[in-house]
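In what follows, chains are A, B, ... by sequence order, proteins preceding strands, each numbered from 1.
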Amino acid sequence: MKNNKTGLVFFPAFDWAISPTHPEREERLLYTRDQIFEEGVLDLPEIEEYAPRLATIHDIARVHFCVPRVQSQVTEAHLIAAGSATLLADAIVHGELKNGFALVRPPGHHAMRVVHGNRGFCNINNEAILVEYLRRHHGIKRIAIVDSDVHHGDGTQDIFYHDPDVLFISFHQDGRTIYPGTGFPNELGGPGAYARTINIPLPPGLGDETFHYVVDNLILPILEDFKPEFIINSAGQDNHFTDPLGSMRFTARGYAEFTRKLNPHLAVLEGGYAIETALPYVNLAILLALAGHDYSYVREPEWPGTMPENPERVARVQRVVEQLRNVWENRDRVDLDKIFGTGTFYQRRKHIYYDTDYIEEEQLERVRRCPNCPGYITIDSRADHGYGHPNRVFCVSIPFTACGACQTEAYDAYEQARGLAQYQFVYLQDKSTDTFLAFDRDKGQEWVSEGPKVGE
Amino acid sequence: MYIGIDVGGTCTDAVLLDRGLVRAMAKVPTREDLLSSLLEALDEIMKGVEGELVERVVFSTTVITNLIAEKKYDPVGLILMPGPGLSPSLYRFPTDTHIIQGAIDYRGREIIPLRLTEVDQAAAELAARGYRKVAVVGKFSCRNHRHEKEVAARVLWNYPDWHVELGHQVAGQLNFPRRVVSTYLTCATREKYQFFVRSVQEAISQRGIKGAIFILKADGGTLPLESSLEVPVETIFSGPAASTLGVQALTPPGETAVVVDIGGTTTDLALILSGQPLLASRGARVDDMLTHVRALAVKSVPVGGDSVVERVGKDIIIYSERLGAPYCLGGPLPTPTDALRVLGLTRLGDVDRAREAMQMLGAPLGLSVAEVASRVTTRVIETITREIEAMFSRWEQEPAYRVWEVLQKKKVRPSTVVGVGGGAAGFVSQIAARLGCYPVIPPYAPVANAIGAAVARPTLQVTLRADTEQGIYIIQEEGYQGKITERSFNEEKALELAKEWLCKRAARHGLEDCVEGLEVTRREVFNMVRDWVTVGRLIDVTVQTRRGILYHVGAGGTSE
């Protein structure tokens, strides 16, 4: 039962905002609604609109360690945004749809594995929740996420950094010139997932031509090699030439052409804050491209025509592309011990700043270098909210395809941390059995989320 | 006294209501000349009643439906300003279409100017092909109608005797292709409808009736006949709306019910949710084109009492067509009505002929007459039940754009199944049983449609959109654009202004009485923030007169 339809969940969350004047506010998709409604796009037989649905707390716990718990970090709007992506994914996997667009707010790609608050307008990561949902509910293993937001998708990168089955590709404005300041070509994934993370920083001011150079010469060839079963586009639209936060010069048509070439199963809206000059046009163009329609008549009023690009910057991008292609082609011949050392654990220290909530977080992340599976991960996290004592938590994550030994060790690590006084909360996320535990020291209580049983 | 008349495809039904009681009813066949059927039915219920006692007459008519279905109208050309967006090749309209430059954006700002030479050229080409009617529609014209007006002025300057219809005057909601179709159909039918309305007014006044004359719209509201001249297309599909309102009038208030109107060839399904008929979320489909015409959510299932039943191989199949009366009434082929007759679920027709019909179907399969009959009725019941379930889940699947809307969505299931129409009696109890509901066949079920027309309330609504940054406001239904002069314009003032406009509008239609108990159905305010500073507000307010019916019939005439 293969269908040729494109599914749309349009959830503008007209009653949700971070704050009244924040760029991520109620008005953000207002003009997009007007444009899409006025065009009559929803009447096209190839496009089917779906009612949104809520993700479950369990769906969130499968991905994030929310401190102290999921309910304290998410609002209903977050659950609806994430749930809408999984709803469309269900319809795609069942063959009701060929692809879909979750045109939803709030966004999520800056939300990392551990969540102490809101960073970069994000609390929970819609794409990551979708990936784990696809694996748990549909047994889909190899998934690619291509992030086309002007900001580096650092949250998504963080969550899948040690996951060999998830390819994460992000192109974005150079981190030295924009939030969150990361996403350089040398961030390539951990020892068990080397070259499964690909970052392409772009110098400010570049336009469609360079954008498509990167797509044609790097992104598409890598995807062809990786052969994902499911492709997700983390569809940020702030590379647009009118965006107030980014400094890139992409157009609606550039985005649509990218969508056509990438041919994702599902596009999930991320950023994009030119709510009048870009979003109505970019969203429309992407939707038309997904539905296989002509998008060449979509043109922003301020459309500048072709823009000359700085040749020196273009050359810089070409060098990065060449370098990353090299990395990709040689990914299996690399001596990982030389890069990551030879210990049983690979560890890194991270400092994470929550720009929206002003939280400083220090992390020590350790991943077990296991020959039989991607290895379990532990995170020792301390968050300073700027008042009182910092919050310190310990998190253990067992991957979906964990081996028995890693699973046993991980449970031991959880038990051990429960006995240590410095941690206020200790978490265990067992993706292999879909069971999530949290221990609250002050209350001396443990809560368990086992999710719905088979057949429910 | 109130009169309701429903001119249907086969029958014209009429009732005379006196303070909530049915004084007289009539059923006459609908003839080619609708007016004569209408008058015949009217005369029948008016026997012995003075015309002066009639306060209002409401009728629903198939005149526009037929005009459109039979394409009995003059050709209409299109001049469109779609601007940037969808490829014009995706817009396929059934007539000569000229696309010219010029574009308005979502906030009503001009983004591409018009070129009048293109207007001249388009009009000349239409003229050369014999058109004298033209619909002019621009994208976002409901936010700013300047381009449409300029084009119309230019066309009429060249061809003063042409009939030009403008998009913003026909439909104020967003959806350009639907606005085009609505405008096209309005342009096509206006003249003929005008003629019909004049004849009705003439005929009714000849009967000595001085009360107000209303016409029912697809959304179940009424309009004074005179005002309906502005929006002829809205009178389409008023038949199913009439039946639904009739059921609403004949059942207790506040009920959640499915209306099953089983006719000869089709079964119309509608929903009443907590006492209110469900409106379709988008405009109706007319002659396979999508329009802006607001309508009740009615699903027509192609099966009825007279549907043809045939044996194909080992299967018994019900076709969606009618080839005359049921066999038991002298028709050529077996039908579900014959099955009902055999099972004793109806008294229509000749039982022996009904048995013969079942015999013809069942003999080659070795089935008894009763077995065939129950198989046929089960088929019909299954088809209808499936459609009812689908209707509820479609309603649950309606998109929502706010958090609270998503959260309040819950599964609603009906408590009753109300049957009206000829075939209702035989099927409704079994349909209800399958859905776990009570079956109800209200008194006067055969003329529920006419009762619905009689008790329908007039409806008027006004949608105001204010853009305080640009200092303008729009009244969607009136195609009016005004300036905001007050500096402290806010949501409350917008609401006051909308109410003022509704009163004005009501006065213009002679409906001053119904402005009481206004309802605010939409209230949206968005801050426009530029560079972290609020520069203005977008305020959308919709106010309408109370929807629903004037009173429940048989309940002593108490107003709802």
For A:L288 versus B:L86, what's the shortest heavy-atom pair and its separation? CD2-CD1, 3.5 Å
Closest non-hydrogen atom pair between A:E27 and B:N527, with its separation: OE1-O, 2.8 Å
Which pair of heavy atoms, one from A:L284 and one from B:G85, lies closest together, and at what distance? CD2-CA, 4.0 Å
Let's test your reading of the structure: which of A:T21, A:T75, A:D15 forms the most heavy-atom pairs below 4.5 Å with chain B? A:D15
Minimum heavy-atom distance B:V529-A:R25, with the two atoms named: O-NH2, 3.0 Å
Shortest non-hydrogen separation from A:D34 to B:R143 and the atoms involved: OD2-NH1, 2.9 Å
Checking A:Y295 against chain B: side chain, backbone, both or neither under 4.5 Å from a heavy atom? neither
Donor-acceptor contact present, side-chain A:E38 to main-chain B:F140, <3.5 Å: yes
Interface check, chain A: of B:L290, B:N175, B:L174, most non-hydrogen pairs under 4.5 Å belong to B:N175
Looking only at A:E49, A:E26, A:R53, most heavy-atom pairs under 4.5 Å shared with chain B are made by A:E49
Between atom CG of A:L30 and atom CG of B:L538, what is the distance when rounded to the nearest 0.5 Å? 6.0 Å
Look at B:E405, B:R282, B:R402, B:Q173 and state which one has the largest set of heavy-atom pairs under 4.5 Å with chain A. B:R402
Would you mind checking which part of B:E524 comes under 4.5 Å of any heavy atom in chain A, side chain (CB onward), backbone (N, CA, C, O), both or neither? side chain
Part of A:E39 within contact of chain B (heavy atom distance under 4.5 Å): both
B:I112 portion near chain A, given a 4.5 angstrom heavy-atom threshold: neither
Intermediate values then yes/no, side-chain contact (heavy atoms from CB on, under 4.5 Å), A:Y31 and B:R107: CA-CA 8 Å; A:Y31 309 103; B:R107 280 186 62 202; 3.7 Å; yes
Write down the atom of B:P84, the atom of A:Q35, and the distance for their closest heavy-atom approach. O-NE2, 4.3 Å
Kindly say whether A:E276 contributes a backbone atom to a donor-acceptor pair with the side chain of B:Y106 at under 3.5 angstrom? yes
Residue from A:L79, A:V104, A:V298 scoring the most non-hydrogen pairs under 4.5 Å with chain B is A:V298
Pick one of side chain, backbone, both or neither for A:E302, based on which atoms fall under 4.5 Å of a heavy atom in chain B. neither
Side chain, backbone, both or neither: which part of A:L42 has a non-hydrogen atom closer than 4.5 Å to chain B? both
Heavy-atom cut-off 4.5 Å, strictly under: side chain, backbone, both or neither for B:R178 against chain A? side chain
To the nearest 0.5 Å, tell me how far A:D43 CG sits from B:L90 CG. 12.0 Å
Are A:Y297 and B:P88 packed together at the side-chain level, in the sense that at least one heavy-atom pair is separated by less than 4.5 angstrom? yes
Please lay out, stage by stage, how B:V403 and A:F11 fare under the test side-chain contact (heavy atoms from CB on, under 4.5 Å). CA-CA 9 Å; B:V403 175; A:F11 183 67; 3.8 Å; yes
Which atoms of A:P244 come close to chain B, meaning under 4.5 Å heavy atom to heavy atom: side chain ones, backbone ones, both, or neither? neither
Contacting region of B:E398 [heavy-atom separation from chain A under 4.5 Å]: backbone
Between B:Y91, B:Y401, B:F176, which has the largest tally of heavy atom pairs under 4.5 Å with chain A? B:Y401
Looking only at A:P12, A:A13, A:S296, most heavy-atom pairs under 4.5 Å shared with chain B are made by A:P12
Most contact-rich option vs chain A, by heavy-atom pairs under 4.5 angstrom, among B:S89, B:A400, B:G83, B:A103, is B:A400
Check the pair A:E76 / B:V406 against side-chain contact (heavy atoms from CB on, under 4.5 Å), numbers first and verdict last. CA-CA 9 Å; A:E76 281 115 353; B:V406 178; over 6 Å; no
